[in-house]
Number of protein chains: 2
Amino acid sequence: MSLDSKRPLTLRDVSEASGVSEMTVSRVLRNRGDVSDTTRTKVLAAAKALGYVPNKIAGALASNRVNLVAVIIPSLSNMVFPEVLTGINQVLEDTELQPVVGVTDYMPEKEEKVLYEMLSWRPSGVIIAGLEHSEASRAMLKAAGIPVVEIMDTDGIPIDAMVGISHRRAGREMASAILKAGYRHIGFMGTKMPLDHRARKRFEGFTEVLAKNGVEIEDRAFYSGGSALAKGREMTQDMLSRSPELDFLYYSNDMIGAGGLLYLLDQGIDIPGQIGLAGFNGVELLQGLPRQLATMDACRLEIGRRAAEIIAAQLSDPPDPVETKVVLAPTIAYGDTLKRR
Amino acid sequence: MSLDSKRPLTLRDVSEASGVSEMTVSRVLRNRGDVSDTTRTKVLAAAKALGYVPNKIAGALASNRVNLVAVIIPSLSNMVFPEVLTGINQVLEDTELQPVVGVTDYMPEKEEKVLYEMLSWRPSGVIIAGLEHSEASRAMLKAAGIPVVEIMDTDGIPIDAMVGISHRRAGREMASAILKAGYRHIGFMGTKMPLDHRARKRFEGFTEVLAKNGVEIEDRAFYSGGSALAKGREMTQDMLSRSPELDFLYYSNDMIGAGGLLYLLDQGIDIPGQIGLAGFNGVELLQGLPRQLATMDACRLEIGRRAAEIIAAQLSDPPDPVETKVVLAPTIAYGDTLKRR
DNA sequence: GTGAAAGCGCTAACAG
DNA sequence: CTGTTAGCGCTTTCAC
């Protein structure tokens with residue numbers, strides 16, 4: 001049975017229980033250096049019997065190695081980010097590295113705080129969403145002396161490495177597709193998030209192409225909080241009663257787009273004939289709707305994977321050569337709500 | 001400007017730069033003990049100028065204090081868990097504590113691994129989903145000597161504290177409501193997850209009440225992977241063509257329920273007259289559907305909050321008294337798909 | 001193969 | 001209010 005003391009077990013306890021020096025116990029537990037089978041077995045038995053769990057804090061301090069990768073994202077409730085995390089996990093599972101997640105709620109000050117907190121644990125690398133950070137955050141990232149991968153967005157200059165898509169281009173391409181399909185009276189709906197730089201860039205790209213073709217967004221609306229599906233429904237209803245001449249609705253994300261779609265189907269409106277619709281993200285979750293919303297895949301899983309691969313590569317000894325500026329190409333999915341031409 | 005060496009900064013660097021002893025620098029940086037304003041300002045200026053980030057690894061080792069709370073959950077892509085995390089965050093934000101998340105993918109061996117990994121960082125507390133764990137995991141949790149809160153489920157005996165709902169009871173109550181409404185020919189659809197103990201318990205409670213009333217589930221189907229909405233749609237179609245006599249469909253989660261709902265609406269079937277439907281979870285996301293699916297709230301946010309409160313209370317000095325076995329009461333939402341009686 | 005000594009960067013405990 | 005001393009539990013390095 002294990003000792004009944006309050007004090008957590010140390011290497012020394014295992015050493016004493018097995019009659020092997022601390023140093024050798026340490027070697028066994030880390031599979032490092034040559035140890036005779038006899039000793040190894042003895043040590044492992046003792047460690048198991050005691051229920052010893054190594055103290056990584058001490059280990060990290062002594063070895064100056066921490067197998068943690070800080071992952072800093074704006075939100076967990078956005079669908080998008082859990083998927084990125086999945087990609088990161090998939091890659092890191094085959095390595096010694098462990099992701100540790102911090103959430104910023106899209107707030108630069110909180111990002112700064114979370115980053116500081118995470119860096120104080122001296123992680124081996126950082127994966128962080130976006131290219132926009134406070135001066136202090138940028139300074140910390142530069143000074144950390146570890147690989148940094150900025151993800152999701154490629155419209156800007158990374159501190160170190162980056163993996164993502166160009167949201168400006170995504171907006172531009174969607175605008176082109178919409179114009180090509182013949183729509184001319186366009187409404188826009190999105191989140192009221194001045195700090196969501198990626199949504200902003202998509203919007204800028206979108207309006208840029210419209211403007212070049214002499215088209216302007218004729219109505220727009222923004223929401224915050226609540227169920228996105230419900231908001232999409234409400235906002236769509238409001239917008240169409242306000243601006244009945246619209247023939248296309250562009251949504252900043254798939255969830256509100258789906259809400260709009262369901263509303264229009266309820267109303268018996270001809271989609272994509274009378275009105276076309278498009279969202280953004282390629283949310284798999286929505287694949288059971290009566291119609292498939294036109295959208296654009298944001299390559300989330302791939303972004304996570306590539307980012308993790310970059311970190312892993314830079315950390316291997318010697319560093320594997322990898323592309324450190326990765327611009328992925330999102331593709332339009334026309335679905336059933338955008339005429340194809 | 002900061003030093004251009006590769007070596008990360010230490011307290012000593014700040015000490016030298018400010019001409020104040022390491023110890024006093026440490027005190028300033030931690031706001032502990034009395035320090036004169038003059039010294040404080042000097043130190044803070046030096047630290048900022050250098051861009052010093054404290055090394056928590058060394059701090060934790062020396063002080064034997066780690067402000068980390070390990071949070072271990074089965075999945076991030078389930079909606080449910082991000083919401084629990086939100087609750088945990090809300091509470092921990094007002095404390096010194098920081099959540100660190102580990103994901104098990106519903107696999108006991110992975111849970112064991114993740115737990116071991118996290119415990120080796122000597123966190124101050126553990127919040128872990130479920131009451132079912134491997135022997136080794138239970139042993140680790142007991143031996144850790146820190147507060148442990150098992151969440152989500154209360155049908156079982158916790159190692160230490162627990163916060164959740166009784167899934168067995170949730171199943172029973174839904175069965176009662178369905179029977180009371182007059183439905184008698186019931187089909188069930190759920191995930192193919194032998195390791196999802198909570199889904200299993202709901203199912204057991206459900207069938208138990210049916211059996212007591214001489215009713216049996218007449219058809220059932222299980223899925224895995226893919227878009228839950230799409231699966232709900234497919235499975236519902238299949239089940240009804242196979243068993244057209246069914247007058248109620250019970251889904252193990254809201255997403256597949258919503259898929260089924262959309263399908264039935266497409267078919268012009270009278271809901272809840274001809275067929276009734278119910279899911280589980282109270283997913284806010286779905287509030288924009290044409291009809292509201294009957295469901296049962298799993299109190300996710302509340303569970304997260306209460307769990308974090310328990311940890312915080314036990315860690316405060318002296319420990320605040322708190323309820324450590326919290327059984328929340330989920331409530332049925334009848335929505336538009338279950339007749340009320 | 002194995003062990004002994006030194007120290008990672010910080011903080012507790014005490015002294016002034 | 002400030003400084004000194006002695007570790008925290010482990011790994012590095014070097015000796016045997």
| Pairs in or reaching into residues 77-86 of chain A: which pass side-chain hydrogen bond (donor to acceptor under 3.5 Å, both in side chains), with residues at least two apart or in two chains? | A/S75-A/S77, A/N78-A/Y106, A/E83-A/R300
| field | Partners passing side-chain hydrogen bond (donor to acceptor under 3.5 Å, both in side chains) against B/D155 (at least two apart in sequence or in another chain) | value | B/S166
| request: With sequence neighbours excluded, give me every side-chain hydrogen bond (donor to acceptor under 3.5 Å, both in side chains) pair touching residues 40-53 of chain A. | output: none
| With A/R30, which residues qualify under side-chain hydrogen bond (donor to acceptor under 3.5 Å, both in side chains), at least two apart? | A/S26
| query | Taking atom CD1 of A/I128 and atom CD1 of A/I151, what is their separation to the nearest 0.5 Å? | reply | 9.0 Å
Filtered N/O pairs between nucleotides 6-9 of chain D and protein, under 3.5 Å:
from: D/dC8; atom 1: O2; to: B/L61; atom 2: O; distance (Å): 3.4
from: D/dC8; atom 1: O2; to: B/A62; atom 2: N; distance (Å): 3.2
from: D/dG9; atom 1: N2; to: A/A58; atom 2: O; distance (Å): 3.3

| Which pairs with one or both residues in residues 92-101 of chain A pass side-chain hydrogen bond (donor to acceptor under 3.5 Å, both in side chains), sequence neighbours excluded? | A/E93-B/K110
| remark: Here the gap from B/D160 atom CG to B/I311 atom CD1, rounded to the nearest 0.5 Å, amounts to 8.0 Å
| Sequence neighbours excluded, which residues qualify as side chain to side chain contact (heavy atoms under 4.5 Å, CB included) partners of B/A139? | none
| Can you give the first and last nucleotides of DNA chain C, 5' to 3', that have an atom under 4.0 Å from a heavy atom of chain A? | C/dG1 to C/dG9
| With sequence neighbours excluded, residues passing side-chain hydrogen bond (donor to acceptor under 3.5 Å, both in side chains) with A/E109 | none
| field | Phosphate OP1/OP2 of D/dT2: any B/S21 side-chain N/O under 4.0 Å | value | no
| request: Report the end-to-end axis angle of the helix from C/dG1-D/dC16 to C/dG16-D/dC1; each axis comes from five terminal pairs, and the value is rounded to 10°. | output: 30°
| said: Please give me every residue in residues 27-37 of chain B whose heavy atoms get under 4.0 Å of an atom in DNA chain D, ordered by residue number. | reply: B/R27, B/D34, B/V35, B/S36
| field | Ion pair check, A/E302 and A/R306, cut-off under 4.0 Å | value | yes
| Minimum-distance pair of heavy atoms, taken over all atoms of A/S15 and A/S21 | OG-C, 3.7 Å
| task | Tell me, please, which residues at least two apart from B/E112 pass side-chain hydrogen bond (donor to acceptor under 3.5 Å, both in side chains). | result | B/S134
